[in-house]
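Inspection log for the structure reproduced underneath, given as structure tokens.
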Amino acid sequence: MKKIKVGLGTCGISAGGELVYNKIKDELISKNIEAELYETGCNGMCYEEVLVEVEDDTAEGGECSLYSKVTVDKVGRIVNEHIINNQPVKDWIIKSKDYCTEESFLKNQTRIVLRNCGIINPASIDEYIAKDGYRSIHKALNEYSQEQVIDIIIKSGLRGRGGGGFSTGTKWKLANKEKSDKKFLICNADEGDPGAFMDRSVLEGDPHSVLEGMMIAAYAIGSDEGYIYIRAEYPLAIKRLRKAISQCYSRGFLGKNILGSSFSFDIKIKEGAGAFVCGEETAMMASIEGKRGLPRLRPPFPAQSGLWGKPTNINNVETFANVPWIILNGWEKYAALGTEKSKGSKVFALAGKIKRTGLVEIPMGMTINEIVYDIGGGIKNDKKFKAVQIGGPSGGCIPATMGELKIDYDEITRTGAIMGSGGLIVLDETTCMVDLARYFLNFTQLESCGKCTFCRIGTKRMLEILERITEGNGKDGDIDLLENLAQKIKMGSLCGLGQTAPNPVLTTIKYFREEYEEHIFNKKCPAHSCASLVTYQIIDELCKGCMVCLRACATGAMSGKKKEVHKINYDLCNKCGKCFEVCRLNAIAKI
Amino acid sequence: MEQIKITINEKEISVNSEITILEAVHQNKIDEIPTLCHDKRLEHFTSCFLCVVEVEGMNKLIPACSTKVSSGMKIHTKSESVFESRRTALALLMSNHYADCIGPCTNNCPAGVDAQTYIALISMGKYKEALKLVKENNPLPLSIGRVCVRDCEAACRRKFIDEPVSVNALKRFIADYDNVNKWTPPIKQKNGKNVAIIGGGPAGLSCAYYLTIEGYSVTIFEKLPKLGGMLRYGIPEYRLPKKILDSEINWILNLGVEVQTGVELGVDFSMHSLFENGFDSVFVGVGAHKASKMGLTGEDITYGIFRGIDFLREVELSFIPELDGTVVVVGGGNTAIDAARTALRCGADKVKIVYRRSIKEMPASPEEVEAAQKEGIEVLFLTNPKSIISEDHKLKAIECLKMGLVEGKPGERAKPVQIEGSEFIINCDYLISAIGQSVDNGFTKFDRDCTLEKWGTVCVNKETMETSIPGVFAGGDVVTGPLTAITSIAQGKKAAKAIMNYLTSGKAKNGNGKFYSFKHNLTKINEREFEGFRKLAREKMKELEVTDRIHSFREVEKGLNEDQVLGEIKRCLECGCSEYYDCQLRKYCDEYNVNISEFIGETKKYLADGRHPFISLDPNKCVNCGRCVRTCSEILKVSALGFINRGFKSVVKPAMEKALSETNCVSCGNCIDACPTGAISEKFPFKILGTLPKENLETICSFCSVGCKLNFKKVSDDIFYVSNTTEEIKDSHNRGYLCVKGRFGHRYLMNKNRVVYPQIRKHGIIDFVNTTEAIKYSEKQIRALIEKYGRDSIAVFASPKLSNEELYLLQKFTRIGLKNNNISSFSNLVFDTEQGCLDSMTGFTSSTVSMDDLKDADVIVVVNSNLSEENLVMELKIKEAQKRGAKLVLMNSSEIILTKYADLWVDSRKGTNTYLIDSVNKSIIEERFIDEKFINDRSTNFNELKTELSSVDISNAINYSGIDRTKFEAFVSLMKNPLSNIIFIYNIDSRSDKSINDLKAVSNFLMLTGRIGKEKNGIIILREFNNSTGLIDMGVIPAYLPGYVKYEETEEIEKIGKAWNADLTNIFKPVDLAVRIKKGEIKGMLIFGEDPLNGRENAKYFNGVEFLLVSDAYHTNTTDEADVVLPAANHIEQSGTYTRCDNKVQKSSKVVNGLNEYENWQLISKLATGFAGGFMYNSSVEIFDEIKKINRFYKHSGINKSWMKEYFNNGFTTSKLHFSVHQADFTTFDNLKHIIHYQDNYYFSSVKNKLE
């Protein structure tokens, strides 16, 4: 019997996956075809959604065909030709037994966290179990002491994937050592970085791996109660998690005396209300306690005094998802991947001006260029690669000239950026670095909880300076002022949000200082991106007087007759850029 | 706790390892670390980041408030990066602090006269104080009050609503008021230093004044015949009558200033000669008297042309010229207007002013222009003279040109330009040119060292006013060019200060400018901000009728009358902050030299919220430190305030834009103290007194028996408010926290309704007499009654709000003076509480454990007390204990605020508590959770109790009380744990949930479990008033002599009698005073501090009273009925001791000077001396010493010690405790409250009423 899997992660759904799913279902019913249809998570190729995979174990050696960019219109042919007549629609298949168009995207990845994503049905615990699921917890409970589990994780070299990069095993050890009648475990699923969706994809595509990771951690530290703090904006992830948790209870993976051992563990879901700062662990705990999500000073660390004053261990989704794999395959195998101090793999959400945007999992130590060119397929529209923005709004920009930099916690930190949770935005020559810094600072500024003076007012003032620079009102001394303020904000903030908020500004100044200076002293935006600093000009030689731009201009600034070169009246031009967008002759230039 | 070594600023110290860096630094007094968000009573928050320090080895700055020290830590608190970080944090805070530290009026006054504060003082009728304040910066208020250009009014924010407040007119009002009998400052002894002042104008006079009062010998040298400078020779009589000016100048001269007139610098003497003649320093204030020329041909040789300033001087100096015909005045300044109006008064038929710009650019004050026009003077704008037309050097006419205006540079006035061909002729007989003046700097010919500016003015250092010649200072128009009188005064004072520094330290210096925040520094203020304010018309001064004006030089403006003054005061918006002196933000900005405009950007603006009757919220001033939020949630557990919004928009407010009073706010006002700025402040019953300094004075609250420490901020003896912000008060037992009564109830102390004079009523007519007379009269009346009805016909009543000393004296007076035992208090008599219900058990009825022990309690049982309403601070102590893990059991029938915090609420039906506690006692006896050794060794009557309790039916008790059986079981299980520290709290004066004998049942429990006299266990008996406990301790009750001495204790009675030199055997005997009064047997009644007639129902006690003496601080219903009223001091006007509910004796000190000649103890002694000896005391301390000798318990006690604790700790082995055998009595009480104190009356009518 054939299996039809439709990628229904949030990315698949937004590309129309549900419609495709329903259409296939209708076709199967109306044509009375016997085939198994189910939803699966995202396999990372978000740029190819909607993805439909047809698995045919009746074919010789078993065949697996992946259709990309499937629309409702394409469903009929796929069902008729492939499902009914066993003739795969080759034109639409990007990967099958014989060939793969996306080979460079896939072959360069090492999928540990994403091992099941896009492959199994996340709603089915049996499929997870079939992929060795819950064997790790079984192994841990039966073969290892708490200390041994911790030891394995320490040796594996796994570091906190939420961005902190602290040794996971060591963190567990600290929590394990605390003496208390009660300990808590928290899974941080409050993924808030704009452009980052690693955790969402894992929770949507393979929720059980996270639950199993939590169970192993709980066993290791001696906790019997866990929380998953997940943002309410992830309804699908929450739905799949809830289902997975209830399946675990009915199968005895959660609750009292798990798998007949003395280990008991409960997991509750706490939905966050959308405050970015609640991803910070102390603020998150305050939020779980029902208080305003304000961070507090550490020490005491959560391992000493966390949720309701009890020792608490917090790891993020990706970290937990790694754990069952390590237990099952051994730390040696994990530690064999990566660099000296950064082991294993890392998931990145690849976005920006790149050909293939999506989710990739790469072994540590891969270079930026490899990611951008080999996996990502290079820059869109063949523009020039300018930089990558890594680490989310708290991260920084690494210029293209440093493309040979290895993905490694410490290497990245040395550049002024951070590994962060895994957002990787690729920038081309049309991106203004000042405006980019402004964009990210605007985000952190709005998301500051408002507690610390520097973060509350300082980031606002920095933003105002960036705004005036991008508007052409920058002043001599603004760069110094930004740097000065940025240093103070980093030094005088309680939590990671404030301590890292100036990073985008500092790294762009560090690597693209001349762009700032152009804005300030010459009132020019080299990337031609800052609206106030751009002037549009007709290139007389190219203009054919087609009047397209004239009709598009809302302010009447464009004048000219048919087949005559047009003119711009700069008194009327509001620099909206509409003419530039509509001109198909490239006869309008930004200067 | 371990001691560790750390290094702070290179100094090694040893500290406790548990403390924070901040504590280590402060405890060792190494530095003052600034912080806004830290409050030692709260958990640390770490948000302001002002407290950062550098720790070696750390790559970032460390917040000191919340980081614990660790061994070997090397800390730097004063490094450059620390300073810079703090300064930046402050500058950032200021960039979003849309608020004014002081009134813009004050700020804009060149002399810095604090207008807002003197307006506030005027509003209180304190005219003299207001003027004193003015004179701190301006010694010429009479003159300035008439002629000032009023920069204050230009800055007044009222203009955004209607018109500015008439600030100057208000100043003139108080100056005129003061003129009758001028306030004169104290003058320091002569210090032997001589200063010469050249020029007797406003600058010179001001300099002379401030030097003279500081003890300098000053001589003024003046060229003209009289002093006053431009005030005399430049301002016409009708604006500033010279009589007024003379009186002001003479007032300064009479302070001891020497004057030489008719002597000119550079002619008669030189600066050099002054130093040679023994002057140590010189001030030059010669003004700018040289008139400028128009530059027209024939200007100097034509008859009929004057120069404005010369003209005005001549009018003043020699004679009033007779002018007729037409006079043309050229110019647009005040001198031009003055010249024009003067010319009119000299007889001119027509006066025209020619001015080359338009009215908008005219420098003269609009009021002056308007007045001139009213008087018929025509102003020709945009007109300029071109040439003079004369005949035989006699002026005939003037040719003028029309002018146009062109935009000037930004910030400059428009420029006039000639319109070609627009010439026209004005026929005239006289022309006065008033187009400007300059400095006549001829004197510098002889003093070549004196550097001049481009315009001929003297060059000075702007900070010190020192010229280029050492020791020579200058100020006024000679420095600024022709400017304003108030600027001259300001510079005169500035120079005086610099001269003093120069002569004491050899260096001219001046204090640094203070930091002030102003709204207008951040953004432009506009009308929208004041939408919703009611418009109030500006009061206009009465003026002389125009017809009367133009023929005489009589003063035109008449000044405001008192009603108008009140009207103007209402218009003041009180922009300056009430926390000016206490604001930590401002203080730090000052210290860290913050530049307010460093980070100008968007500023959040909020409407100030004044909807709560006593608490004002101004989020504009909020720095998000969260101290209020945390106090309200952590300490009060009320959470009326919280953080709203995120990021830059986050601010502290009540949720959902509610008014504070609409939340569950308990109006304790502890948030006011918590706030380090003025974001939360008290709405005072008076106007904000801006910059007046306040004194911190600590005393004890006079409301309930918890005895909280209280700090008054005192401005003067009649202006003060409660503010518990000092570090000392935060260490008190209430940690500075107060309830609504303690916070706002003390406003009664400022009430004007005081008894000031002793009064005697004879045949219905009230006579005010002196104290001696009143006392003699009373003595006579009392003696007559004794003669007629016997000595038992007199009774004395004392308030439980009086001090121990007063109470002791009153009972002593009753017993050895009046020789009877009729001593009581209406508070006890009326409420009929069981003040002695435990006497038969423990020997007295009193607390057995102290409030401080609550912090170690495991179980706290609150019976019959509504703490939230009555004793909030006790409730806070319980909440604190709960945080630590203590369990709270509440026994009361109805749900009260505290119920939701209770771990167990025993909601027993009213009147059933005794039955329930008896059942608990039965359970623990049956289950043998009793302390048998204690019972055997230290008690009697156990078997009888056991027998009695055996008849108690627990099921029946549970049913009867209406509680759940599980609750009863939970209660018993908490009570039976012998290892728990259990403390009961019981309000003996509260009738609401009382059942008879429940206190006895509680005592039985404590004795059964050995919890009397045991550390951290026992009962706290609350009483209603601050000294209810002292009242009993002092024996103001017929049942006891001081020290609970009872009738049968003959030996003790004899001891006291001996000490008092009296035989008490026939005096100290049982008496039922209530019955005796009701029967009408009391003929003479002496009431101290109580107002029984406030409740009509108490009139029954006054049947048959023939003589009523009342002593009170305030007029009450009872004083109204009295034959003799003696004025008493209120509790902050004297010192004394008070005994709080747990028997700790606390000393209260004097906060303000009383209105009365005598303190209360003196008054009582005086009265008592007429009847017996033994009342000669020199101070209230002597009385307390006697109390310690007489009262057997106070022997063990002193100030701040609990006598009961001492007593029990020493083992009460002399007498055994006695179990009470009683039956459950289900009598309930009504909860009627009779208010018999002025203070409570005030609280209920003026505070509580407003809150409901």
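Sequence lines set the chain letters: A, B, ... in the order given, protein chains first and strands last, and positions in each chain run from 1.
Both the backbone and the side chain of B:Glu84 come within less than 4.5 Å of a heavy atom in chain A. Neither the backbone nor the side chain of B:Leu36 has a heavy atom closer than 4.5 Å to any heavy atom of chain A. Contacts between A:Leu446 and chain B at a heavy-atom distance below 4.5 Å involve the backbone alone (N, CA, C, O). Using a 4.5 Å cut-off between heavy atoms, A:Ile465 does not touch chain B at all. Within the 4.5 angstrom heavy-atom criterion, atoms from both the backbone and the side chain of B:Thr67 approach chain A. In this structure, chain B has no heavy atom under 4.5 Å from any part of A:Gln487. At a 4.5 Å heavy-atom cutoff, the contact between A:Leu294 and chain B is made by side-chain atoms alone.
Around atom NZ of B:Lys883, more than 12 heavy atoms belonging to other residues, nucleotides or ligands sit under 6.0 Å away. Dense packing is recorded around OH of B:Tyr606, with more than 12 heavy atoms of other residues, nucleotides or ligands lying under 6.0 Å away. Atom NZ of A:Lys173 has 12 or fewer neighbouring heavy atoms from other residues, nucleotides or ligands inside a 6.0 Å radius. The 12-atom threshold is exceeded at NZ of B:Lys40, counting heavy atoms of other residues, nucleotides or ligands nearer than 6.0 Å. For B:Lys74, the NZ atom counts as loosely surrounded, since its 6.0 Å shell holds 12 or fewer non-hydrogen atoms of other residues, nucleotides or ligands. B:Glu56 CD: more than 12 foreign heavy atoms inside a 6.0 Å radius. In this structure, B:Ile600 places its CD1 atom where more than 12 heavy-atom neighbours from other residues, nucleotides or ligands lie under 6.0 Å away. Atom NZ of A:Lys182 is surrounded by more than 12 heavy atoms from other residues, nucleotides or ligands within 6.0 Å.
Among all heavy-atom pairs drawn from A:Gln445 and B:Phe648, the shortest one is OE1-CB, 3.5 Å. Closest of all the heavy-atom pairs between B:Asn624 and A:Gly450 is ND2-O, 3.4 Å. Here the closest non-hydrogen pair linking B:Ser66 and A:Leu297 is OG-CD2, 3.2 Å. For the pair B:Thr46 and A:Cys452, the tightest heavy-atom approach, listed with the atom from each and the gap, is O-SG, 4.2 Å. The minimum heavy-atom distance between B:Ser85 and A:Phe454, with the atom names listed, is O-CZ, 3.3 Å. What you find for A:Ser493 and B:Phe49 is that their closest heavy atoms are C-CZ, 3.6 Å.
In this structure, the side chain of A:Arg292 engages the main chain of B:Phe643 through a donor-acceptor pair within 3.5 Å.
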Query raised in the report: Where do B:Phe45 and A:Lys451 land on the side-chain contact (heavy atoms from CB on, under 4.5 Å) test, with the steps shown first?
Result: CA-CA 9 Å; B:Phe45 190 58; A:Lys451 185 177 177 180; 3.5 Å; yes
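When each of B:Val623, B:Asn96, B:Thr88 is scored by its heavy-atom pairs under 4.5 Å with chain A, the top score falls to B:Thr88. The candidate with the highest count of non-hydrogen atom pairs below 4.5 Å against chain B, out of A:Met491, A:Lys488, A:Arg461, A:Gln499, is A:Arg461. If you tally non-hydrogen atom pairs under 4.5 Å between each of A:Gly293, A:Pro299, A:Ser448, A:Pro295 and chain B, the highest count goes to A:Ser448. Between chain B and the residues A:Glu447, A:Glu464, A:Lys460, the most heavy-atom pairs under 4.5 angstrom are made by A:Lys460.
For the residue pair A:Arg456/B:Ser650, the side-chain donor-acceptor check at 3.5 Å is not satisfied.
Note that OG of B:Ser95 is 5.0 Å distant from CD1 of A:Ile457, once rounded to the nearest 0.5 Å.
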